[in-house]
Enquirer: 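Mind looking over this structure? Questions follow.
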Amino acid sequence: MNLWKEFIKGWWKENPVFVMVLGMCPTLAVTNSVKNAIGMIGAVAFVLIGSSFIVSIIRKMVPNQVRIATFIVVIATFVTMADRYLAAYYPDLSRALGPYVPLIVVNCIILGRQEAFASKNGILASVLDALGMSIGFGIALMLMSSVREILGSGTWLGMKVLGNWYIPWQVMILPAGAFFVLGFLIWGFNSVNKAFKG
Amino acid sequence: MELLVIFISALLINNFVLHYFLGICPFIGVSNRLDSAFSMGLAVTFVMTIAATVSWLIYYLLLVPYHLEFLEIVSFILVIASLVQVVEMFIKKVSPPLYQALGIYLPLITTNCAILGVALLTVLKKYNFIETLVFALGAGLGFTLAIVIMAGIREELEFADVPETLKGAGITLITAGILALAFMGFSGLV
């Protein structure tokens, strides 16, 4: 039961993007199309689950003073694997994501989970926590990219969803649109939470 | 001329915060007050310029000759993490007033994605040494500019009547969006 709670807390209650406001760079940068967002979600989930697994295994061997450096090296190793894999099998996606795949290293969600959870808990709980956080991150990115792609180009994952009458709202796929959409989504998220509490 | 174009585009057109979305965490976290935003901006510019040049040297003098390009991410992040520590100790020893001003921001900079972003982008854009230096300087000043403008706006926002659920991150992001729109106007410069 407790493990289930660790698993689902990242979906909504402690959603890494909407509630903790972490990992903003990829959330804003790669959500101009759903395809890019899916690639990013996959890469982040792989790195997060992999490094949570390793960190929870080695958590008792690492001296406290060097723990952050150790975590970063573990994370950087997984990021390199993800980066090389994408470059080899999905060159187009890798080019579209550009520097944002290597930048997963400094994504605060990942280091945050290692520091706050994986370094203090067992393997199963840590992996479930990482999986739940990845799902929460995924929900946020899918929401962001769906809104932006539908409004900005009238398509969803490359499929046309709005008819020819729709004039694409170009700003939505530009940087400014990313800020607006995320700002409004956080607003909506807070309002929903408040309404349910009250 | 070429260098000027790189500098202007890093500073205004492809502003690191408003175009590349790098360094958003301090942008949202530290931009409450004007003076702390300015110090943070200067600290970032300082570390960014050193980090970009050192990573450039490591990449082209060490990784490329030995075909170790895949170690790029690991080596850059280690360089930046240790560099921040060295810079912190150096400033503390040489200039205590500067340390007073920048001190508390330096440790935060390690996890600032803008620093790693600059190092990665210079490799991606295949800049030479001088171009890297100019690019990093422009990017750092661009970050300072964005965070200082933002702090100025947020100081005013404190007196505005913002809806309860929009306070904090929400209104900051929407303001940043308007700022990004304004910065789009610079794209006609080059």
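Per chain, numbering begins at 1; letters A, B, ... match sequence-line order. Bear in mind that the values here come from a model prediction, so they are computed numbers and not experimental data. Computed from heavy atoms alone, side chains included, the values below leave out hydrogens, waters and symmetry copies.
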Enquirer: Give a yes or no on this: more than 12 heavy atoms of other residues, nucleotides or ligands lie within 6.0 Å of atom OH of A/Tyr166.
Expert: yes

Enquirer: If I compare all heavy atoms of A/Leu103 with all of B/Cys113, which pair ends up nearest, and what's the gap?
Expert: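 Taking A/Leu103 first and B/Cys113 second, the nearest heavy atoms are CD2-O, 3.6 Å.
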
Enquirer: When clusters are formed by joining ILVMFWY residues with side-chain heavy atoms under 4.5 Å apart, either directly or through shared neighbours, do B/Ile58 and B/Leu133 land in the same one?
Expert: no

Enquirer: So if you build clusters from Ile, Leu, Val, Met, Phe, Trp, Tyr with side-chain heavy-atom gaps below 4.5 Å, do A/Met159 and A/Leu151 land together?
Expert: yes

Enquirer: For the atom pair CE (A/Met81) and CD1 (B/Ile73), what is the distance rounded to the nearest 0.5 Å?
Expert: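 One gets 11.5 Å once the value is rounded to the nearest 0.5 Å.
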
Enquirer: If you count heavy-atom pairs under 4.5 Å between each of A/Thr77, A/Val105, A/Thr27, A/Val21 and chain B, which one has the most?
Expert: A/Val105

Enquirer: Grab the two heavy atoms, one from B/Leu120 and one from A/Pro99, that are nearest each other, plus how far apart they are.
Expert: CD1-O, 4.2 Å

Enquirer: So which of A/Leu174, A/Thr80, A/Ile186 has the largest heavy-atom pair count under 4.5 angstrom toward chain B?
Expert: A/Thr80

Enquirer: Rounded at 0.5 Å granularity, tell me how far CG in A/Asn190 sits from CG in B/Leu166.
Expert: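 The distance works out to 8.5 Å.
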
Enquirer: Identify which part of B/Leu121 has an atom lying under 4.5 Å from any heavy atom of chain A, answering side chain, backbone, both or neither.
Expert: side chain

Enquirer: Is there a path from A/Phe117 to A/Leu131 through hydrophobic residues (I, L, V, M, F, W, Y) whose side chains come within less than 4.5 Å of each other?
Expert: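 Result: no, two separate clusters.
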
Enquirer: Output the option from A/Pro175, A/Ala76, A/Ala69 having the highest count of non-hydrogen pairs under 4.5 Å with chain B.
Expert: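 So the answer, after comparing A/Pro175, A/Ala76, A/Ala69, is A/Pro175.
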
Enquirer: Donor-acceptor check, side chain of B/Tyr20 to backbone of A/Cys25, threshold 3.5 angstrom: yes or no?
Expert: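 Not a single qualifying donor-acceptor pair exists.
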
Enquirer: Quick check: closest heavy atoms across A/Phe180 and B/Ile174, and the distance to 0.1 Å?
Expert: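 Answer, listing the atom of A/Phe180 first, then B/Ile174: CE2-O, 3.4 Å.
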
Enquirer: Please state whether the side chain, the backbone, both or neither of A/Val181 comes within less than 4.5 Å of a heavy atom of chain B.
Expert: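 Interface part for A/Val181: neither.
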
Enquirer: Side chain, backbone, both or neither: which part of A/Phe189 has an atom under 4.5 Å from a heavy atom of chain B?
Expert: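 No part of it gets close to chain B.
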
Enquirer: Could you state whether A/Ile110 and A/Ile58 fall into the same hydrophobic cluster, counting links through intermediate Ile, Leu, Val, Met, Phe, Trp or Tyr residues with side-chain heavy atoms under 4.5 angstrom apart?
Expert: yes

Enquirer: Are there over 12 heavy-atom neighbours, none belonging to B/Glu155, within less than 6.0 Å of that residue's CD?
Expert: yes

Enquirer: Hydrophobic clusters here meaning ILVMFWY residues chained together by side-chain heavy-atom distances under 4.5 Å, can you tell me if B/Leu78 and A/Leu111 are in one?
Expert: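 No, B/Leu78 does not connect to A/Leu111 through the hydrophobic network.
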
Enquirer: Looking at CG of A/Leu28 and CG of B/Leu22, how far apart are the two atoms once the value is rounded to the nearest 0.5 Å?
Expert: 10.5 Å

Enquirer: Are more than 12 heavy atoms from other residues, nucleotides or ligands located less than 6.0 Å from atom OH of A/Tyr90?
Expert: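 It does not: A/Tyr90 OH has 12 such atoms or fewer within range.
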
Enquirer: As an exercise, state the distance from CG of A/Asp83 to CZ of B/Phe70, rounded to the nearest 0.5 Å.
Expert: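 That separation rounds to 12.5 Å.
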
Enquirer: Just wondering, are more than 12 heavy atoms of other shown residues or ligands nearer than 6.0 Å to NZ in B/Lys167?
Expert: yes

Enquirer: To the nearest 0.5 Å, tell me how far B/Ile24 CD1 sits from A/Phe179 CZ.
Expert: 4.0 Å

Enquirer: When you look at CG of B/Asn128, are more than 12 heavy atoms from neighbouring residues, nucleotides or ligands closer to it than 6.0 Å?
Expert: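 Count over threshold, so yes.
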
Enquirer: Considering all heavy atoms of both residues, which atom of B/Phe21 and which atom of A/Ala178 are nearest to each other, and what is their separation?
Expert: CZ-CB, 3.8 Å

